[in-house]
Asker: 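I have a structure here, written as structure tokens, and I will follow up with some questions on it.
We count ligands from 1, going down the list as the structure has it; atoms in each ligand are counted the same way. As a basis for the values below, the full set of heavy atoms in this structure was taken, side chains included, without hydrogen atoms, waters or symmetry mates.
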Amino acid sequence: MPDTPVSQSAPARLLILDDDALTGETIQRIATYAGFDVLCTANADDFLARVNDWVPDIIALDLIMPDMDGVEVMAELAKHQCQARIIITSGVGSRVLDAAGRSARGHGLNIAGILPKPFSAGALRELLNTAVGEGGQLTDHQQQRAQAERALTLNDLRDAIATRQIHLAYQPKVACHTGTLSGFEALARWHHPELGFIAPDTFIPMAEESGLIDTLTAQLAEEALDWLAGLSSKGPVTALGSHLLLQVRLSLNISAHSLANKQLFDDISQRCRQLGIDPQRVVLELTETSAMHDATASLDNLTRLRMQGFHLSIDDFGTGYSSMLQLVRLPFSEIKVDKSFVMTAADSEESRVVIRSIVELGRSLKLSTTAEGIEDASTLAYLRELRCDLAQGYHVARPMPAEAVLPWITEREQARERDRIAALKRLKLLDTPDEARFDRFTRLAQRLFHVPMALITLLDENRQWFKSRQGLSLSETPRSVAFCSKAIETDEMLIVADASRDPRFRDNPYVQGPPHVRFYAGQPLCTPEGHKVGTLCVMDSEVRMLSPQDQKLLRELGLLLEQELALNARDATDQTTGLVSKSVFRRQADAAFELCKRLDLSATFISLQLSSIALTNQALGRDQGDAIIQEAGRILAQVAGSADILGRYRGTEVAAIQLEMKEKDALTLAQHLNAYITEWNNDRPSENHQIHCEIGIAYLKPNANETLTDALTRHWRPIAMVS
Ligand code: G
Ligand code: G
Ligand code: MN
């Protein structure tokens, strides 16, 4: 027996329009066998008549036919407000099918899917079943909506506003890379006591046309701001970081009709002040499709809002007609890629191209980018790859009622913490001995920021453990008192200028007692998958500020350190010398030079070029050659032990790089090496057991625009010869 798609009620109706009789019949046969009630026609007029009198649940539509094309048919269907789920079939390329799908959705039609010809019976059955599965509900929903639209009057809407029937649902936005919660978008929801659920697509336009939109928006903004203030105050009573809840943002949808209304924005702004909400935490989303009425007043209002700190977002980007113009004309700070592209990213190359261009456009205009309509993990992965900032969509969470938000955050944070701990354990760094490859970062930080203390911390379940530390004798602390535990709650660097005046830290034992921390700056460190496992941080017992330039520097160091974290110790270490391996040395050196270029720092390269390894290998075997290389590495590490990078540069060369070293100090260092090796050789009468080398340096001025290899060929000069 064939499956019956609709078990209790009548079978679902499928209407086929296809000018190719054979295809039509094939679809008909498969669908009939699957339990559908099927009609098939090759004539467009006949088809449209059937749509009206037979009222199919599903339509299978060929796109390209001689007497009428599918796109025109769809326009007709839209005109008739056809509620059926539509399956588009065609032999044309995917590009055309995609465009047709988008245009159909744009007309408000219900596209169940696209069936490229030739198709298999399985693919068709699957599409029919999904269409009928979702369609069952959707058709109900739409019938309801159609009913509502018929019965809905302006008075209903007036009533709803007066009696506060319209409420908000909240949909989260999270960082694409780390998953850190960024904020929520408030979305209007109306459950009418008799008419049931009424979609915002129905009542928002009604409110706009009737002039009720400003009142509605004011009411909803007030509700949302009160909710945000309430949520932020919950930090101390939950296990969640209070830091996180204090930074959560709120996005409000603002109709273009309201933009010229100064009073509305003054009210929102005043409400924020009353509730102690920083305007930086409020994002006003403006749909780009809607035209503005009073452009000058709107521009004035928006500019004023931006100056007060509110964020402005251009919503549904990519669907409007004047997008570019609005984007450059208005002071936006965020761009939201429309969900019609994001929802189809998985199977449409065209959609991916559009998304990529919008994300790049946003980045080049220094706007934050959000993709909405993310429905699966692969789309999220794609957006991470594009380095889109924020993600919103059913894959993260559906819009939820206000009271569901805190439980949702709590549960999600617990799951994220479990994943984070697992990622930390996979690094296999906890409770391992000191490693030069990490110590160089803390030494560099200590020197560049002129601070007494610099640390690399890793946070496990209940402690912070120091992978590297300068200026601190502790090797770990309880997590409950760790500044770094707060630093990894969000993705931004945490800066505390004076801990003794910060309510979060002033009672901290390390503020009250030794080492008397006053200043703290910590950059969260992520694994490649985006888990924040710890921080690179600097501290001082004096009050301090961190200039924007220094913040940038700390961030850059953090990025380099993340690369280092991702390497495991075995790959990173040269087996002969125990120093950094050749490939890693080059990578680190390139990264360090890049840093110098960006931050105007100088760099000094010091190396020992061993000149007799080949001879030693011949005379005494490779092991003896290796022993000499090892010895040279040991001496370099001893004399230049505090260098920022120390490693094997080539087969017969060991080298150190130090940033911001005076040229004169580099010369002294080279002389020390010379003296040390000469003395070492004196104890070894046999030539083949001695180290013969050239000691040289290359000094790179700040903002020298060179790669490592270029720099060395041009600037390396011998200082001493040990033979
Ligand atoms: O939540 P839903 O996808 O059904 O929303 C449909 C449309 O209604 C979206 O474009 C959304 O921006 C808009 N919308 C939802 N809530 C509000 C609101 O409070 N004010 C305005 N102006 N538009 C809203
Ligand atoms: O136009 P605006 O961006 O304001 O619309 C947001 C609407 O998009 C919300 O009403 C929400 O219900 C809807 N939405 C959010 N994420 C998804 C998603 O992943 N899939 C779909 N189909 N709709 C989504
Ligand atoms: Mn929106």
Asker: Say whether Q83 and N110, considering side chains only, have a donor N or O and an acceptor N or O under 3.5 Å apart.
Answerer: no
Asker: Just so I know, are the side chains of D338 and V354 near enough to count as touching, which here means a heavy-atom distance under 4.5 Å?
Answerer: no
Asker: Are there any protein N or O atoms under 3.5 Å from the N or O atoms of ligand 1? List them with distances, or say none.
Answerer:
residue: ligand 1; atom: 1 (O); partner: R189; partner atom: NH1; Å: 2.8
residue: ligand 1; atom: 1 (O); partner: R189; partner atom: NH2; Å: 2.8
residue: ligand 1; atom: 12 (O); partner: N253; partner atom: OD1; Å: 3.3
residue: ligand 1; atom: 16 (N); partner: A188; partner atom: N; Å: 2.9
residue: ligand 1; atom: 20 (N); partner: N253; partner atom: O; Å: 3.4

Asker: With a 4.5 Å heavy-atom cut-off, do W227 and S232 have their side chains touching?
Answerer: no
Asker: Can you tell me how far the CG atom of D267 sits from the CD atom of Q263, to the nearest 0.5 Å?
Answerer: 4.5 Å
Asker: Do we see a donor-acceptor contact under 3.5 Å between the side chains of T180 and K532?
Answerer: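 Judged by distance alone, the side chains do pair up.
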Asker: What pairs with S269 under side-chain contact (heavy atoms from CB on, under 4.5 Å), at least two apart in sequence or on another chain?
Answerer: R273, Q308, F310
Asker: Does either side chain, that of T153 or that of N155, offer a donor lying less than 3.5 Å from an acceptor on the other one?
Answerer: no
Asker: Going by atom types only, do T490 and E492 share a side-chain donor-acceptor pair under 3.5 Å?
Answerer: no
Asker: Please enumerate all residues that pass salt bridge (Lys or Arg N to Asp or Glu O under 4.0 Å) together with R13, with sequence neighbours excluded.
Answerer: none
Asker: Leaving out waters, which are not shown anyway, how many protein N, O or S atoms lie closer than 2.8 Å to the Mn ion (ligand 3)?
Answerer: 4
